[in-house]
Amino acid sequence: MTTPPRPDAARNASPYLYGTELEAVGRVLADGQYGHTAVTEQFEQEVARFLGVPDAVATASGTAALHCALLAAGVGAGDEVIVPSMTFCATIQAIRAVDAVPRFVEVNPDTLCVEAATVMAAVTDRTQAVLPVLYGGRAVDLGAAYDTLHERGIAVIEDAAHAFGSHLNHRRVGATGALTCFSFGPIKNLTCGQGGMVIPRNPGEADFLRGVRMLGVVQSQAERQAITSYSVEGFGLRYQMSSINAAIGLAQLRRFAETETTRRELWVAYRDALRGIPAVELVDVDVTRTMPHLCVVRVPHREDVFRLMKTRGIAVGVHYPPNHLQAAFKPWHRPLPVTEKVSEEILSLPFHQHLTAPDIDRVVNSLEQALTSAGGP
Ligand SMILES: *Cc1c(COP(=O)(O)O)cnc(C)c1O
């Protein structure tokens with residue numbers, strides 16, 4: 001086996017797949033069963049054990065996880081879902097997939113996450129769900145608002161695509177009572193190559209999710225053996241996770257402790273290095289609780305800084321261009337001045353497990369130089 005080249009600061013994000021994943025995939029390929037198999041079910045069980053929850057339902061992607069969760073929460077045509085504009089477009093497309101409408105809300109500019117008061121102020125008679133996004137891995141604590149929403153029959157569906165491994169009140173994200181969706185896409189904290197997971201709130205919801213992610217088909221063990229019959233019992237899509245992806249996820253999960261340590265160390269190295277640059281404001285997180293997913297700073301003259309750093313081979317990014325300004329979501333546009341302002345300041349520095357201390361120095365030096373030239377003639 002040849003070792004692929006180590007991606008450096010020329011990539012904004014990168015999976016870390018050079019451990020036992022290849023062996024695990026090799027075993028699945030040798031076995032010859034690539035659909036939803038016992039390997040997928042083992043991955044579900046190990047994720048559930050890791051999080052400290054009774055069950056977990058694997059899906060083909062994080063977007064599929066969100067779509068399934070919205071269906072499980074009974075969100076349908078015309079319902080309103082309260083959601084920050086500051087998220088990946090996948091969050092909003094999942095809402096559109098059930099024909100519901102996004103009710104875009106502001107985020108706190110220091111955390112880039114929604115706050116309970118903002119959410120509660122946006123609740124209407126048509127609100128069927130609230131969809132907080134755990135931006136950068138930070139857990140969103142709705143506090144007492146959580147109970148109020150529950151009493152009003154409004155579901156809380158967490159987009160925890162960034163937050164696998166993070167904690168809230170000494171529990172892992174996923175174990176805090178919300179209907180939680182993870183992504184195991186190529187650049188997430190834990191990757192399956194492509195994949196997702198829904199953490200159901202009760203056994204009935206788990207059964208429903210298993211139906212939806214498998215074309216609505218329910219097969220008994222005997223039917224699965226014989227394949228002469230199956231029953232279609234409800235709506236569903238081809239959303240299950242293949243054993244190939246699950247094998248990658250299992251290998252990743254088994255050395256997640258190493259992932260956690262590395263990502264935290266890298267993040268702290270960035271924080272220390274950025275302290276010396278007053279013009280830069282780090283979107284700070286408490287790494288003892290948050291499993292950092294992005295390293296986001298707010299800078300003046302962002303467009304210039306972005307361009308200058310790119311020119312020097314530093315793969316900076318922007319997470320995210322606001323969704324309420326996207327053409328596809330125009331019908332649900334509302335002015336969101338805080339989000340609009342902050343979206344012009346944010347810059348994501350390269351952040352992945354292949355980075356070394358010299359890479360981080362190079363990124364921070366380049367940022368410092370770019371800031372010196374930015375805003376000039
Ligand atoms: C990645 C991501 C998703 C979608 O997950 P996929 O696995 O890419 O479908 C949803 N929301 C957020 C915030 C994400 O970053």
Side-chain angles (χ1 to χ4, degrees), residues 12-15 17 40 43 47 56-71 81-98 100 102 104-105 107 111-114 129-140 156-166 173-174 178-199 209 212-213 237-242 244-246 248-249 252 263 283 285 290-296 317-324 326 328-329 339 343 346 348 351-352:
N12 187 256
S14 170
L17 284 175
T40 315
F43 181 52
V47 166
V57 180
T59 56
S61 70
T63 311
L66 286 164
H67 187 183
C68 291
L70 284 155
L71 289 166
V81 178
I82 297 172
V83 65
S85 174
M86 181 53 68
T87 182
F88 187 42
C89 60
T91 319
I92 315 307
Q93 294 292 25
I95 295 170
R96 294 300 301 133
V98 297
F104 290 119
V105 292
V107 287
T111 64
L112 302 177
C113 288
V114 293
V130 175
L131 216 168
V133 176
L134 282 59
Y135 185 100
R138 181 195 295 267
V140 173
V156 177
I157 303 171
E158 285 185 336
D159 181 342
H162 294 182
F164 189 81
S166 290
V173 163
L179 182 52
T180 305
C181 301
F182 292 107
S183 163
F184 303 133
I187 60 160
K188 297 308 198 303
N189 295 347
L190 183 143
T191 186
C192 290
Q194 203 92 76
M197 193 78 81
V198 189
I199 311 304
L209 289 163
V212 167
R213 64 107 190 254
L237 291 158
R238 180 61 98 195
Y239 270 177
Q240 83 274 31
M241 178 187 285
S242 111
I244 299 171
N245 297 108
I248 296 172
Q252 288 255 301
R263 292 186 84 96
V283 178
V285 294
T290 296
M291 168 77 174
H293 175 62
L294 300 168
C295 183
V296 179
V318 173
H319 299 90
Y320 297 93
N323 284 285
H324 69 291
Q326 297 287 1
F329 310 133
T339 300
S343 72
I346 49 177
S348 303
F351 191 69
H352 52 79

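Every number for a ligand or one of its atoms is a count from 1 in the order of the listing.
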Looking only at protein heavy atoms, what sits closest to atom 14 (C) of ligand 1 is Ala161 CB, 3.4 Å

Starting from atom 9 (O) of ligand 1, find the nearest protein heavy-atom neighbour and note its residue, name and distance.
Thr63 OG1, 2.5 Å

Do any nitrogen or oxygen atoms of Ala64 lie less than 3.5 angstrom from nitrogen or oxygen atoms of ligand 1?
no

What atoms in ligand 1 come closer than 4.0 Å to a heavy atom of Thr91?
11 (N)

Are any of the heavy atoms in Gly195 under 4.0 Å away from ligand 1?
yes

Atom 1 (C) of ligand 1: closest protein heavy atom, distance to 0.1 Å, is Lys188 NZ, 1.7 Å

Please report which non-hydrogen protein atom sits nearest to atom 11 (N) of ligand 1, along with the residue it belongs to and the distance in Å to one decimal place.
Asp159 OD2, 2.7 Å

Counting only heavy atoms, which portion of Phe182 has something under 4.0 Å from ligand 1: side chain, backbone, both, or neither?
neither

Return the closest protein heavy atom for atom 15 (O) of ligand 1 as residue, atom name and distance.
His162 NE2, 2.9 Å

Protein heavy atom at shortest distance from atom 8 (O) of ligand 1
Ser183 OG, 4.1 Å

If we only consider heavy atoms of Tyr320, is any one of them less than 4.0 Å away from an atom in ligand 1?
yes

Does ligand 1 have any atom sitting under 4.0 Å from a heavy atom of His319?
no

Under 3.5 Å, which donor-acceptor pairs do the side chains of residues 132-139 form with other protein atoms, sequence neighbours left out?
unit_1: Tyr135; atom_1: OH; unit_2: His319; atom_2: O; d: 2.5
unit_1: Arg138; atom_1: NH2; unit_2: Asp284; atom_2: O; d: 2.4

Ignoring hydrogens and angles, tell me if any N or O in the side chain of Asn245 forms a donor-acceptor pair with the backbone of Gly193 under 3.5 Å.
no

